[in-house]
Each structure stands twice: as C-alpha cells, then as structure tokens.
S.K.: 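Mind looking over this structure? Questions follow.
All residue numbers in this chain count up from 1 along the given sequence.
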Amino acid sequence: MDSYAGPNRTVDQVESSAKAAGLTNTRGPVQLLHFGPQLNSDDIKLLELPHEVLTAVSGGQKVVIRGDPSEDAVLCTAEKTYELREADTSNALLICPTLSLPKNQCFQDLDVSLVSKEVTACLSSYMELRPCRPRTEKLKQLLAECPYRGAEFEASEEFEEVADERSREGGEREVEGARCKRKRMRKKYTFDELLAHVQASESELCEALDRLQACMIDGYWRLFDLDYRDSVFQHILTVLEEEDWSFRVVPLEATCQKLEELEPRFAIEHCLKCYGNVFTSDTGTTYCELSEEKVCQFYAELLLRPAGKFNYHEFMESWRQSVPEGMQTNLVQLKGLALADMNCIPPVIWHFPVSNLPQETTARFNKLFSVREKWTHDEIEPYIRDLEMPTQSLNALLLKHVRVSTNARGQKMYNAKRTAH
C-alpha cells in the first residue's frame, strides 16, 4: 500500500504523488479524497439527464416517474416520455457531496493549500433516459370500464356484477349455481386519475384522449359506446339530409335544436367534432365542416365491423351507395382500417383497424405477420406509421423487424424475420 495513503497526507506527499503521475496543480487548493467509514452506495441512484430534461428541471418544471410495480418505469416531463434504463460503467463513480469546483465561489474562497473531502458512495452504474413513445395502451382499457351509452343507462350502469369467491353472503349479493356475485361500482376517471395510471406526459395523454375520441362528461373522461356513437352520428346525418344542408357547412345550434329531444347537446357536439372541424363564421354563427374522409370511413366501418369477411366487390358497391350525396369513396380511405385479399375467389375484405393492434413494436409486427405472411410497403405502412419516432424512422423499423424478398412480379415484399433456435 502507498505509504502516503489516508486522509492525513501532507502537501509534500501529495505533490510527490502528483509529480510521479505527471500531474501539476496550477490553480487553487488540492482536494484530497478519502472514503468515509460507511459507503451508502445502495441508497443512491445517479440519473443522467438529456439537455431538454435538465432545462425543464432547472426551470422549475415538474418531472414525474410513472409506472405500476409490474411495469418498467418511465420519466415524464409535461411534453414527453422517456424510458428509464440502468447503464453499467467500468469506471467507478464516486459521490462526494462537499467537493468544490473551480467555478464555485467556495472553491475560490479556500485559503488553504490542501483540504480533505469524504467520498460517501461508490457506484458502478447509473440510470439513463431514452425518448420513447407514450405507453397509452392501458388508457383504452381504463376508459372501457364505463362507456357512455346514453342518459337513460347512466343510473343502471353505475354498478356491475363480479364474481366473489370469498363469501356467499352479504349486501347486494346473490348465489348463482356454486358461485357468489357482488355488485361493484363501475370506475370513471378524471384526467389526474388517468395520468396516475397511464405512462404518458400530460400533453401525450391529451393527444391519446383525442385519438380515442374520448369525451369529458361531468368531470370524467368517457368513451362513447360504439353503437351509441353510431346512432348519434346517424341522427345527425339524417338531419342533414332532411334539411338539405351541405356537409361542409352544418349549423351547430340548429342541429342541436333538431335533435335535443333525442340526444343530449354534449353528445351531438362531440360527434360533430369527431367527424369534422368546428368553426365560427364572420357573422358569429358556429358551423361544422364534416370531413369527407372520416364520414366515408364511418360508413365503411358500419358495414365491415359486424360482417366478418365481406365480398370485396359487393362491399365497394354498398359503401359507395351508403355515403351522403356529394361524397366520394376511395381505397385510400380504407388504409389502416381494412384489409383485402384479392387472390381468393371471390375477393374479400374485412375490418382490421390499426387502433386494435398492440402498441409495443415487436408485438405489433408479430400480430401483422400472423394475419398475413407477406406485405407490400403500401399495405404495411398504415399499420406501423404510428410507431415512427424522431430517433427511429420507418425504414429503421422495417430494417430491424422484417426481411425483404421479391415476388415473381419484381415487387418488394416484407416477411417476418426468422429467429435462430
């Protein structure tokens, strides 16, 4: 052991060791590090922050670590989500809380040539942050616990029956066969409650709620039951036809008045916003311009959702005839919504929305290749477009998860990568 080891070394001893190592001190005092009697390494975690997160923290913004015990943790700022990963390092990381840096005033104020500093922890790993997509798959599950089906169902659907194996007696329980049931209140969620369960930033959660077409009802975020949403929007389209209104200029107030005996105003306004853009004219009147693409997709889903596999040519004709006058259907509107097989006799088409696919990348590709062995770029692109990130392009995703082959027509096809066993 070095005869100079220990916290009580002299300046001459330190300078001798530094000279042997080829080091010279030209500014300020020498800080002599020594290990404390107890290293609290297990009590400390180091976190490396990207510049944008450091800026947010330094500016007083809130950052939150989210995740249930069964989930990998993520860190969220107000705008973005980052996955937390442990990284090992071959260099020991020493924690010395009292260490002074040359830029610090306390360093400049030291008037001694040698000062001892205690190392309180020694680490060989740290946590790093990597940008990731928000993990909002749970959001749909939470909102599905209590969908909105109309005012007449609200009181009766506040509770649901669940199996209770613990007891066959008690209030509001009934025996059915050998099992006992109890009533449990259906859960509705506020924004803050959703934020506590979903691994996403506030901004990303708002975007996810918008994509799911969720609606704020009495302070709670709710999904409309599909049949209820379809019914409300069909009422709206019926009014347009009866009043001979253009789908590009739908008067909001007049529409609500026409339907006020059938549906609550918030449901009508919500459906108009789901399928169009609300705007105010120069005269101050509020209108909605329905999206031709969204309305055509609405009718496509109305036909495909209950049908299983549909004769392709019969579907295309039924779809064309079902949409409102002045709207035109086209195959682009079906991207990410339906799949067709033109090789069977007769050709068929079926409902296959991207919204029903797993959000995790590997699971997404596994699902796609379980449905279809080979895909063209135009076929697969709508089903993986939402997986793209600034740090991972669409081409990079394909390179990682698929292999490329060429069919007899010279067309590029994407197949699942085969894993070695």
Side-chain angles (χ1 to χ4, degrees), residues 61-68 71 74-83 131-151 153-154 157-158 185-233 236 252 263-279 288 290-291 293-295 297-298 301 305 336-337 353-360 364 382-383 385-389:
Q61 296 182 29
K62 181 175 69 174
V63 296
V64 183
I65 294 177
R66 295 196 171 103
D68 292 336
E71 298 172 323
V74 299
L75 182 142
C76 298
T77 64
E79 305 292 334
K80 295 182 179 180
T81 300
Y82 301 83
E83 61 180 354
C132 67
R133 290 181 296 106
R135 299 169 184 171
T136 55
E137 203 159 33
K138 188 189 291 186
L139 176 61
K140 192 173 183 179
Q141 299 170 3
L142 295 173
L143 295 178
E145 292 180 20
C146 191
Y148 183 80
R149 299 180 60 214
F153 294 99
E154 281 295 275
E157 293 199 344
E158 285 188 0
M185 180 173 284
R186 291 180 184 270
K187 178 65 176 172
K188 294 182 286 190
Y189 295 90
T190 65
F191 184 83
D192 287 341
E193 288 172 333
L194 290 172
L195 203 57
H197 287 285
V198 179
Q199 292 182 300
S201 68
E202 294 184 24
S203 175
E204 291 164 334
L205 181 58
C206 289
E207 292 172 3
L209 288 168
D210 186 59
R211 283 195 303 273
L212 289 174
Q213 298 182 335
C215 179
M216 171 79 82
I217 304 174
D218 297 329
Y220 297 98
W221 283 97
R222 311 276 296 276
L223 288 179
F224 279 14
D225 174 79
L226 282 177
D227 290 338
Y228 177 74
R229 186 193 66 187
D230 292 349
S231 173
V232 174
F233 193 55
I236 293 172
L252 187 65
E263 307 295 349
R265 183 185 182 95
F266 73 82
I268 300 166
E269 291 183 353
H270 179 67
C271 283
L272 284 171
K273 291 174 183 177
C274 287
Y275 292 100
N277 297 309
V278 175
F279 66 95
C288 178
L290 292 179
S291 164
E293 179 182 21
K294 289 181 179 179
V295 175
Q297 288 173 337
F298 167 79
E301 288 200 279
R305 198 185 297 128
L337 191 67
V354 65
S355 58
N356 287 351
L357 295 178
Q359 287 192 345
E360 197 276 321
R364 174 80 63 90
Y383 291 101
R385 186 190 305 137
D386 62 313
L387 300 178
E388 191 174 15
M389 292 179 58

S.K.: Looking only at heavy atoms, what is the nearest atom pair of Leu223 and Leu212, with distance?
M.R.: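 So the two residues come closest at CD2-O, 3.4 Å.
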S.K.: Do the ring centers of Tyr228 and Phe233 come within less than 6.0 Å of each other?
M.R.: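 Centroid separation for Tyr228 and Phe233: 6.0 Å or greater.
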S.K.: Is there a side-chain contact between Val74 and Arg135 (heavy atoms, below 4.5 Å)?
M.R.: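 Counting from C-beta outward, Val74 and Arg135 do come under 4.5 Å.
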S.K.: Could you tell me whether Glu154 and Arg222 make a salt bridge, using a distance below 4.0 angstrom between a side-chain N and a carboxylate O?
M.R.: yes
S.K.: Less than 3.5 Å apart, which donor and acceptor atoms pair up between the side chains of residues 267-274 and the rest of the protein, not counting sequence neighbours?
M.R.:
| residue | atom | partner | partner atom | Å |
| --- | --- | --- | --- | --- |
| Glu269 | OE2 | Arg265 | NE | 2.7 |
| Glu269 | OE2 | Arg265 | NH2 | 3.4 |
| His270 | NE2 | Gln213 | O | 2.9 |

S.K.: If I take atom CZ from residue Phe279 and atom CG from residue Leu252, how far apart are they, to the nearest 0.5 angstrom?
M.R.: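 Phe279 atom CZ to Leu252 atom CG measures 10.5 Å (nearest 0.5 Å).
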S.K.: Are Lys294 and Asn277 linked by a side-chain donor-acceptor pair shorter than 3.5 Å?
M.R.: no
S.K.: Which residues satisfy the side chain to side chain donor-acceptor pair (under 3.5 Å) test with Tyr383, sequence neighbours excluded?
M.R.: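 Testing Tyr383 for side chain to side chain donor-acceptor pair (under 3.5 Å), a comparison that skips the adjacent residues, returns none.
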S.K.: Any side-chain heavy atom of Arg229 sitting closer than 4.5 Å to one from Tyr275?
M.R.: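 In contact.
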S.K.: Do Cys76 and Tyr82 come within less than 4.5 Å of each other through their side chains, counting heavy atoms only?
M.R.: no
S.K.: Sequence neighbours excluded, which residues qualify as side-chain contact (heavy atoms from CB on, under 4.5 Å) partners of Asp386?
M.R.: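 Asp386 satisfies side-chain contact (heavy atoms from CB on, under 4.5 Å) with Val354, Arg364 only.
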S.K.: Side chains of Thr136 and Gln359: donor-acceptor distance under 3.5 Å anywhere?
M.R.: yes
S.K.: To the closest 0.5 Å, what do you measure between CZ (Arg149) and CG (Asp227)?
M.R.: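 The CZ atom of Arg149 sits 8.0 Å away from the CG atom of Asp227.
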S.K.: Of all residues at least two apart in sequence or in a different chain, which pass the ring pair (Phe, Tyr, Trp, His ring centres under 6.0 Å) check with Tyr220?
M.R.: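 With sequence neighbours excluded, Tyr220 shows a ring pair (Phe, Tyr, Trp, His ring centres under 6.0 Å) to no residue whatsoever.
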S.K.: Is the shortest side-chain heavy-atom distance between Ser291 and Phe298 below 4.5 Å?
M.R.: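 No, their side chains stay 4.5 Å or more apart.
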S.K.: The test is side-chain contact (heavy atoms from CB on, under 4.5 Å); show your working for Lys140 and Asn356 and say whether it passes.
M.R.: CA-CA 10 Å; Lys140 192 173 183 179; Asn356 287 351; 3.3 Å; yes
S.K.: Any salt bridge linking Glu193 with Lys188? Criterion: basic side-chain nitrogen under 4.0 Å from a carboxylate oxygen.
M.R.: no
S.K.: Could you tell me whether Asp68 atom CG has more than 12 heavy atoms of other residues or ligands within 6.0 Å of it?
M.R.: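 Atom CG in Asp68 is crowded, with more than 12 foreign heavy atoms closer than 6.0 Å.
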S.K.: Taking the side chain as every heavy atom from C-beta outward, state whether Thr190 and Trp221 have any pair of such atoms under 4.5 Å apart.
M.R.: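 No, too far: nothing below the 4.5 Å cut-off.
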S.K.: Is any side-chain heavy atom of Leu142 less than 4.5 Å from a side-chain heavy atom of Lys138?
M.R.: yes
S.K.: Are Glu137 and Val198 packed together at the side-chain level, in the sense that at least one heavy-atom pair is separated by less than 4.5 angstrom?
M.R.: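 Contact flag for Glu137/Val198 side chains = no.
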S.K.: For the atom pair CD (Glu301) and CG (Leu337), what is the distance rounded to the nearest 0.5 Å?
M.R.: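 Here the interatomic distance stands at 4.5 Å.
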S.K.: I'd like a table of donor-acceptor pairs (distance under 3.5 Å, sequence neighbours excluded) in which one partner is a side-chain atom from residues 200-207, with atom names and distances.
M.R.:
| residue | atom | partner | partner atom | Å |
| --- | --- | --- | --- | --- |
| Ser201 | OG | Glu79 | O | 2.9 |
| Ser201 | OG | Glu204 | N | 3.1 |
| Ser201 | OG | Glu204 | OE1 | 3.0 |
| Ser203 | OG | Glu79 | OE1 | 3.3 |
| Glu204 | OE1 | Thr81 | OG1 | 2.4 |
| Glu204 | OE1 | Ser201 | N | 3.0 |

S.K.: Determine whether Phe153 and Asp225 make a side-chain contact, defined as any pair of heavy atoms from C-beta on separated by less than 4.5 Å.
M.R.: no
S.K.: Under the side chain to side chain donor-acceptor pair (under 3.5 Å) test, which residues partner Tyr189, sequence neighbours left out?
M.R.: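 Testing Tyr189 for side chain to side chain donor-acceptor pair (under 3.5 Å), a comparison that skips the adjacent residues, returns Glu145.
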